[in-house]
Amino acid sequence: MEFVMAIVIGILFMAAVYLILSKSLLRIILGTGLLSHGAHLLILTMGGLGGTSPPVLAEGVTDYVDPLPQALILTAIVISFGVTAFIIVLFYRTYAEHKTDNMNLMKGNDEHD
Amino acid sequence: MINLLLLPIILPFFFAIILLFFKENVRVQRTLTLIGLAISFTFSLVLMAKVKADGVQTLTLGSWPAPFGITMVSDMVSVLLVTTSILITFFIVMYSFEAIGKERERFYYYPAVLFMLTGVNGAFTTGDIFNMFVFFEVFLMASYVLIVLGGEKKQLRESIKYILVNVISSALFVVAIALLYSVIGTLNMADISVKIAEVGQPGIITVIAILFLLVFGIKGAIFPLYFWLPGSYSAPPIPVLALFGALLTKIGVYAITRTYTLFFIHNMPVTHELLLVLSILTIVAGCIGALAYFDLKHIMIYNIIIAVGVILFGVAQMNDAGMTGAMFYLIHDMIIKGALFLLIGIIIAITGTSNLRKMGGLMKTNAPLGWMYLIAAFGLAGIPPLSGFTGKLLIVKGAFEAGNVWGSVFILASSLIVLLSVIRIFIYAFWGEPVELPTTKRRSYRIMIVPAALLVVISIAYGVGTEWIVPYMTDASDVLLKPSIYIDAVLKE
Amino acid sequence: MEFVLLIFLPIVAALFVPFLYKTVKNIHTGWFVFIISAALFIYYLRFIEKTLNGNVDTSTLSWIPSLDIAFIAYIDGLSLLFSLLITGIGALVVLYSIFYLDKKREKLNNFYVYLLMFMTAMLGIVQSDHMITLYLFWELTSISSFLLIGYWYTRDRSRFGALKSMMITVFGGLMMLGGLVLLSIMGDTYSIRELIANASSFIGHDYFTLALVLVLLGAFTKSAQFPFYIWLPDAMEAPTPVSAYLHSATMVKAGLYLVARFTPIFASSEVWIWLVTGIGLLTLFWGSFFAVKQTDLKAILAFSTVSQLGLIMSLLGASAVAYHVTGADAAIFKFAAFAAIFHLINHAMFKGSLFMVAGIVDHETGTRDIRKLGGLMSIMPVSFTVAFIGSMSMAGLPPFGGFLSKELFLTSMLALRDFELFNFATWGIIFPIVAWVASVFTFVYSFYFVFKTFAGKRKMQSLPKEPKETSLGMLLSPVVLAAIVVVIFFIPNLIGKMFVKPAVVAMQSGLYNHPDEVTVNVSAWHGWSPELMMTLGIIALGAFLFLTMSKWQKLYDIQPQYFSLNALYDTLMVFGESGMNRLSRFYMTGLIRTYLVYMFAFIAAITTAALFIQDAFAVDMESFSPLNTYGIMTAVILVLAVVMVLFAKTRLAAIIALGGVGYSVALFFVIYKAPDLALTQLVIETVSVALFLLAFHHLPALKRHGESTKFRLGNFIIAAAVGITMTLLALSAHSQKLIPSISQYYKDTVFTEAAGGNIVNVILVDYRGFDTLFEIAVLAIAGIGVYSMIRLRLSRKENSDENK
Amino acid sequence: MKTNDVILQTGTKVVFFIIFLFSIHIFFAGHFAPGGGFVGGLLTTAAIVLLLLAFDLKTVQKALPFNFMIVVAVGLLLALGTAAGSILFDVPFFTHAYDDFNLPLFGVSSLHTAMIFDAGVYLVVVGSTITMIQTIGGDS
């Protein structure tokens, strides 16, 4: 199953990068969303997918799934949520000020005057 | 007091939280921030004395045994960085009183600064690779807030780029940790070191090592991952720029140094050679940029990149002189960058522009500022006996000893470019015919000059008083070069 | 008395200068400085006694003992001679400046601070035994010279000259530092004396030649040797006392000092002898040849200084030969050392006086343009006399000191023909020829300088000021120097015994035990030797050329402006600005996409390369868990949702599709036994979508902004590379689980030690609670950020550099 | 439309309380079953979001008259305080304590300081998400 997951992760990263490189701000934000999903699934996969029981103590169960990656993912999820919320607002504020969502029109401060 | 090593992290955090209660009361915020920083600084000094006397301090949180809980580790490297960070933040906060403006102060400027310091100090102190990621996120999130605070058009535009790059690097950080965990099955850095040594760094770990280099390289702005930095750093107001310039890239540098001395050390012909090459290319890229611009901020920003290259070049030597030099240079660069950014901030405040071509003759009106700038500039270029010299000397020596002769000569030559880039500012802004200053915008810079001057004085003391600093730097370089010191301290039973 | 402290006396005194300048208004600040330098001069005189017998004295001030760095003042014949020149000429120059610089109009406080700083730097260079502190003082001279040249900083030429001199000399200094560090590694000491003592142990070391070249770069740049001399003429923008002091008598000699000092270490090397002698002679010729072209009095002197420095340099090179030969042959090369030091003294005297005269002419007539001058002889008789003495000495005519050292020089160059090693037998003939030709030009420009200014017709109408003889005070210093020039001719052997021989012993250490063993006897008349013949030739041809000068001086104009070393420097500087600007413009596009393309491409390329080069790619099917129907179904759903995100036409569709991806991820969490994650992901996805919808009416419609096929193809390639890299990494890392995870511990202790049952939650609040504490901090900061981003809007201006 | 609104609003109130109670349950369940401060907090937020959808911003603000930034600060203090409590006992930071207590109403229950920490987490999550939602919703 890890093989399939590796491919799914690859697809997520690929789509994320593709979106991030596009001109439209909205698509860039969609890209960052996919990026974090890819990263989280990667942690999960790296922990191994073969366990049979969730890591919650229960009578007579010994084959728990590795709980550590799950804890890490949970932390990462919350953090990416915070970042996503921030980005959404940043995005629409930028759009409001610049009146465009075309990144090509937001040439940076590298003017060589 | 076994929790001592946490105080430089917890105290700024605590004060940041307290400040949230005083949103509208700027005066209280200012006072509390300074008090908080002063207390944190005091404790960091106590901690430094303790580390000097008793060696590496460790604490595994929650009383759990070492690789299972999160371990915080204060060795000389981290405590030096922590102390310097607090000190610089203190002066920048002082400078902010005049420079940042009431509006920003009312909108959580100081809490954001303190949160960022929390993250920075945490990242310097943690002994757990995932916890380092969390602290990275703390200071990153705070830096997002700071870079965009005020919502000017330019800020918004550049913030997007800054955040985008950092989101990508954070994702890669998570990826790298996940891969490492898959192979080695642990997160504690000392434990990672032991386990990598056990399996002898096979290819997959080398690949992960390179991935970590890239992740930290994005934060630390090494070639070819630095491109985002000049534009983004030039957007926020000077105090924020100074904070970023003095602290943030150094975390990337620290993280590379830590991982490349503590655990990825069994395949140096690949990993460290790559680091060496990238560090030289970083210097080249920085030099090109430092010469290409006529904008005060840009010139200084590119000098950040050059310094990153120089420090990593020293680290890549993996010998005593090189490492001690890198440590010297690292701390020096934090202080001097802080000072220089504050100084150019004053220049910009006086002239109302950051374009060098529109300035001139400030020597006639602001001579003390000119002298301070000149001293700081020479310090940056590594002219003895100012602060940059010892570090550069040792790095050069280390490189010669390691056989990187041409790299070493190159580092020396790059100092000339650094000197040229900063002296040009002096010549254009302070010499020449005075230009008419925009009287309407001009305001008293007396309050701003105090912290700048103090930082310059500290940098001079750092250079002249090298003798007193050497023992600390050698301790730092020892712990980096002998991972066993670190490991034993963490995994002691 | 720790005389090392005296090195710092001037710079400490400098601290008081601004104070004195402000408080004591009616006394010229220069007098204070004069007292300092004169006192130092007198103090150093006392050491002559010691050096006469070849004794040395050291005094140490520790600075960074842990790195073995200290200020070690070391006085032997060589450093004493230089110290005396620095303080003695320093005192005379300060005296001169008191009358030259108006205390009302000039910012004297700055001027004297720089000058005192410089004095410390020079004393430091010549007395330092420690190479690192030597370098420290070396850079300090560059800095003080920078400040002095830029003293009139509103003038363009001053700023240009200041930067130029600093760039070139600091470059040399840095290279020299490299050389010194290499030496310290090879010899395992920073002390020059110790290096000299065990030089034999590292001759032939891999780094030896490199160290040699690097040290020479330092010396050549500082002493204005070809091709680095170009900073010196531009340094003439400094006030004339500065030119007289720094750019003729002292700073430029630091390079000579360095070469002299390191001769015992490097003399064994062929490269050293060829480089020092060759570059010296080339510089001698080049400087003298172009001096004739100049029209500014100070420029003529600047080129003449370049040329004279070359002369001394070549002598120093020749003196190194003494280490390779024995017997009678050796004597003649020891001779070269004597000649070098002797000429160095002569040059300091006559060039100092000439600069002062040039300053006087400038001061009294308002111009230094030799084309506007003439016939001043009768108006300024004293100045003329001084100028005449100086020039004739420079031209190498009796009865002036310069004649003697010139003869010694020719002797040494002739001797080089007979040196057998290192191809000198074949090429050695070049040396006397070049020396002779250069001497002819030296003769021409010396005459040109003095007679075009003082003889001939008066051109009153072209002068900005009515000329008159200058004040007594200003004449004092040049007269003293001119007198010394004459005196030297008559007592050369006394000078030799007191100053030159001790210096030679110091310089050619190992060859002598006592100064008296230097058996050179200088006499004005030494028979009808080849040297004398050459001198006569010089006078004949030189006189002819001088008289016909107006006919051929135009030839210089043939050389195009853009084809010169100055043009090269200018090109480099322009390249440094606009060239770098253009280069940077090429790749710093200001578009984040470009930067991300660089980054992603690099990341994908280097990781994949490492994966295969390091043989790290592996797929171990055994390690994978079996396929799972639900898993595959979820994977399909997820990929479909991703595709929908990619191809969404409206923002709403895109947001919903993104939510779809999030929910599929939650499904994965369910399938892979992560209930906490599933729950969290579910709720978070919902809240995220809610946030998107809340912000919905602020968002623009989803537009592609006309992305071309090429643009999209490029993005696709980069994206595919990154995606594939990730897949490969994931497979390889999972297939190579080398050490089992630590997580068994959590399963074992969660109930007993942590009193919990949900391991993930217990890890979050207990084992790794620290993560959680700061993760909620991130959330809190994000909340703050969102709040202030929306509520605080400072301006809509594009450019607001004044910090609000 | 008016009636629909009333139905929606009444319905929402009911659902709100259900979700809210569920979130509290989830929060307490955390130590032994799936749940905890995060999820609890997020669920509470979701409930409030629901209110926002049904009513307008002003009404909700009136109903919940907290300054949510202060809630965040209190939450952070609580979490930090729990962890820092160990400083007073000079044991490593974050060392939790737990014991069984005989409480009047609940009988014998296990009290764990981790619970207080989790409460801090809960408050921060609620506080910051609501702050975000309120400010975004209030931006016009």
Side-chain angles (χ1 to χ4, degrees), chain A residues 1-4 6-11 13-15 17-18 20-24 26 30 33 37 41-42 44-46 49-51 53-57 64-68 70-71 73-75 77-79 81-82 84-86 88-90 92-93 95 97 101-104 107-108 110 112, chain C residues 581 585 588 590 593 600 624-625 627-628 631 635 638-639 642 645-646 651 654 658 661 665 672-675 677 680 684 688 691 695 698-700 702-703 705 707 715 719-720 722-724 726-727 730-731 734 741 743 746-747 751 757-760 763-764 768 771 775 778-779 782 785-786 789:
Chain A
M1 200 56 215
E2 280 85 347
F3 197 86
V4 178
I7 291 169
V8 169
I9 291 162
I11 291 174
F13 270 94
M14 182 172 149
V17 171
Y18 183 78
I20 285 173
L21 292 179
S22 64
K23 288 180 186 171
S24 150
L26 187 54
L30 297 173
H37 287 317
L41 282 184
L42 184 74
L44 188 76
T45 312
M46 288 299 108
L49 304 172
S53 295
V56 179
L57 287 192
Y64 296 112
V65 173
D66 188 347
L68 193 51
Q70 296 194 6
I73 296 173
L74 201 62
T75 307
I77 288 179
V78 177
I79 289 173
F81 169 69
T84 307
F86 190 88
I88 294 175
V89 176
L90 173 63
Y92 85 68
R93 289 282 304 118
Y95 174 65
E97 293 285 330
D101 73 323
N102 184 345
M103 282 307 279
N104 263 26
K107 271 217 171 188
D110 298 321
H112 298 69
Chain C
N581 187 301
R585 200 185 288 265
M588 297 300 289
R593 176 184 173 269
F600 281 130
F624 298 155
S625 56
L627 291 178
N628 159 321
L638 191 144
V639 172
V642 170
V645 174
L646 283 173
R651 48 190 171 160
L658 185 65
V661 177
V665 172
Y672 297 125
K673 316 286 187 270
L677 290 181
T680 314
I684 273 201
S688 302
L691 277 180
H698 298 292
L699 298 180
L702 194 58
K703 282 188 295 252
H705 300 294
E707 293 172 355
N715 289 358
V722 174
I724 292 168
M726 285 304 154
T727 304
L731 288 174
H734 194 276
S741 155
S743 55
Y746 303 116
K747 300 170 190 168
F751 189 72
N758 180 354
I759 309 179
V760 174
I763 290 178
L764 284 175
R768 299 185 65 89
D771 280 349
E775 154 210 338
V778 173
L779 205 57
V786 168
M789 215 174 350

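Quick caveat: nothing in here was measured; it's all calculated off a predicted structure. We name chains A, B, ... by the order of the sequence lines, and we start the count at 1 in each one.
Residue contact with chain C, scored on non-hydrogen atoms closer than 4.5 Å, involves the backbone and the side chain of A/Ile77 alike. Looking at C/Tyr672, both its backbone and its side chain come within 4.5 Å of chain A, counting heavy atoms on both sides. Contact of C/Leu699 with chain A is made through backbone and side chain together, with heavy-atom distances under 4.5 Å. Residue A/Tyr95 touches chain C through its side chain alone, counting heavy-atom pairs closer than 4.5 Å. Both the backbone and the side chain of C/Val760 come within less than 4.5 Å of a heavy atom of chain A. Only the side chain of C/Ser741 comes within contact range of chain A, with heavy atoms under 4.5 Å apart. For A/Ile73, the parts lying under 4.5 angstrom from a heavy atom of chain C are both the backbone and the side chain.
Contacts of C/Lys673 classified as side chain to side chain contact (heavy atoms under 4.5 Å, CB included), with partners at least two apart in sequence or in another chain: A/Pro54, A/Val65. Contacts of A/Val78 classified as side chain to side chain contact (heavy atoms under 4.5 Å, CB included), with partners at least two apart in sequence or in another chain: C/Glu775, C/Leu779, D/Phe38.
Although no hydrogens or angles enter the test, the distance criterion places a donor-acceptor pair under 3.5 Å between the side chain of C/Asn715 and the main chain of A/Leu21. The closest donor-acceptor contact from the side chain of A/Glu2 to the backbone of C/Leu731 lies at 3.5 Å or more, if one exists at all. No donor-acceptor distance shorter than 3.5 angstrom exists from the side chain of A/Gln70 to the backbone of C/Leu677, with no hydrogens or angles considered. Checked by atom type and distance alone, the side chain of C/Arg768 never pairs as donor or acceptor with a backbone atom of A/Ala71 at under 3.5 Å.
Under the side-chain contact (heavy atoms from CB on, under 4.5 Å) test applied with A/Leu30, the options C/Val645, C/Val661, C/Leu646 reduce to a single match, C/Val645.
C/Leu691 and A/Ala85 make their closest contact through CD1-CB, 3.7 Å (heavy atoms, listed as atom of the first residue, atom of the second, distance). For C/Pro700 against A/Leu26, the heavy-atom pair with the smallest separation is O-CD2, 4.2 Å.
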Let's go through C/Ser625 and A/Met1 carefully: what are the C-alpha distance in whole Å and the side-chain angles of both, what is the deciding distance for side-chain contact (heavy atoms from CB on, under 4.5 Å) to 0.1 Å, and is it a yes or a no?
CA-CA 5 Å; C/Ser625 56; A/Met1 200 56 215; 3.5 Å; yes
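Your options are C/Phe751, C/Phe624, C/Tyr746, and the one with the most heavy-atom pairs under 4.5 Å with chain A is C/Phe624. The choice from C/Gly723, C/Ser688, C/Ala695 that makes the most heavy-atom pairs within less than 4.5 Å of chain A is C/Gly723. Contact count against chain A (heavy-atom pairs under 4.5 Å) is highest for C/Leu764 among C/Val722, C/Val778, C/Leu764.
Rounded to the nearest 0.5 Å, atoms CG (A/Leu41) and CE (C/Met726) are 13.5 Å apart. Note that the CG atom of C/Asp771 and the CG atom of A/Leu74 stand 11.0 Å from one another [nearest 0.5 Å].
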